[in-house]
Structure formats: structure tokens, C-alpha cells
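Only one structure is covered here, and it is reproduced in the block below.
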Amino acid sequence: NAGVTQTPKFRVLKTGQSMTLLCAQDMNHEYMYWYRQDPGMGLRLIHYSVGEGTTAKGEVPDGYNVSRLKKQNFLLGLESAAPSQTSVYFCASSYSGASKRGYTFGSGTRLTVV
Amino acid sequence: AQKVTQAQTEISVVEKEDVTLDCVYETRDTTYYLFWYKQPPSGELVFLIRRNSFDEQNEISGRYSWNFQKSTSSFNFTITASQVVDSAVYFCALIVLGNQFYFGTGTSLTVIP
């Protein structure tokens, strides 16, 4: 099915561990985004990419790194996980920054850092 | 700076009642886009509507309607004859020509049977 796929869906990390979240889209979208969702704070942009090989910082980039080596994939890395990074992470993609259908979101990754 | 405010944190209504979810936005840009998303208990984000800043025409889609008023910087969402399946968190969001979404903090709607 066409859309945005996030893996894994759930993960528990110990403080200091590293991990990579994978986002894959098969809609040939240029733009891809990583958001985190925390209670009472809505969604906040971590990093985004406007095309293969490009990345840019969003509102809350500290503690995260990203890569967009292939157009269809957008990776979010945590080098040294902290409890403050416990959150639900959403990946999204779009043709452009304000496409008519907005973004297509993945189903989310629930990350717990203990 | 851009900002989206959803002052209603939680709303409960009895099934078949009408309910309006408020959204107030702030931006100095003249070109922007407003969105509503639904997040049901399953967690995914479902696109509902997009409006650009030059189109103030209200829209109706089934039981859903949206009222966009630039004079008050509001983009309110009304559900008519609410149903239990409408129970979800609803997010209002704003995009300006910089590609970043600015989300409100969401309104949790509970429809009681």
C-alpha cells in the first residue's frame, strides 16, 4: 500500500543507547519530516528534508541527527538517548511544503527511554 | 513568528450534539495554509482539510464544516450530529512558505453515547 512506513513501531532504550528510526515513503515525495509528539505540546518539528541529500533543522533538533541518502528514506538517529526523548515520533512526507493534501503521516513510533 | 492556539484542551459532548473546535492562528505572512488533522485512539494522523489564506469560503463535507475568518485569525471546525467515531484528538496546523508545520496543542473530543 502506498504511504509512509515507520519502523520500528515501539522501542524501549536505556539511557545512553543509540538507535535509528527509519521512515520510508513510496509516493515519490520530495519533502520529508520528523516530528515528535508530547502530551500537551502538539507536534514539534525535529528535522526535515526538501530533497535527496538535503536536511535542515526544525524547532527541536538537539540530540537528533538525520540523513536522506535516498529520496524514499529519511532516517532519524539518536546517538545517546535521554529520558527527555521519550515521545511518539511521526514521520511525514509531501510533494511540496504546502501541498493540497498536506502531509502524509506515518503511523508513529513510540519510544521510551529508561 | 507563527503560532496556533487551540484553547479547548478537552471537550465532551453527548452523541448527536453539535460541537465546534476553535483554532486561532498568528502569522505575519500573507500567504499561508491552514489544516485540520484528526488523531483517533489508534494514533495515526488523518488529514481533514486544507485552506489557503486567499480562500475564505467556508467548506462543508458531510457532517464536518469549517469556518475561516481572516478578520479574527480563526479557522474553526464544527461537527454536526456528533458520533462516537468522532472521538479523537483534533489538531489545527499552519504552514507558511517555509515548509514547517506549526501545530496547535490539540483538542481531545469525547463523544458519549
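All figures in this text were calculated on a predicted structure; none of them were measured in a lab. Numbered from 1 within each chain, the chains take letters A, B, ... in sequence-line order.
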Do [X] and [Y] land in one hydrophobic cluster if side-chain heavy atoms of ILVMFWY residues count as linked below 4.5 Å?
X: A:L78; Y: A:L45; value: no
X: A:F105; Y: A:V50; value: yes
X: A:V88; Y: A:M19; value: no

Contact class of B:Q6 relative to chain A, heavy atoms under 4.5 angstrom: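 The answer is neither part of B:Q6.
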
I'd like a table of donor-acceptor pairs (distance under 3.5 Å, sequence neighbours excluded) in which one partner is a side-chain atom from residues 101-112 of chain B, with atom names and distances.
| unit_1 | atom_1 | unit_2 | atom_2 | d |
| --- | --- | --- | --- | --- |
| B:T107 | OG1 | B:Q8 | O | 2.6 |

Calculate, to the nearest 0.5 Å, the distance between atoms CD and CZ belonging to B:Q39 and A:F90 respectively. 4.5 Å

Which answer fits A:E59, side chain, backbone, both or neither, if we ask what part of it has an atom under 4.5 Å from a heavy atom of chain B?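 A:E59 touches chain B through backbone and side-chain heavy atoms alike.
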
Evaluate the side-chain proximity of B:Y37 to A:Y103: yes if any heavy-atom separation is below 4.5 Å, no if none is.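 They are in contact (side-chain heavy atoms under 4.5 Å apart), so the answer is yes.
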
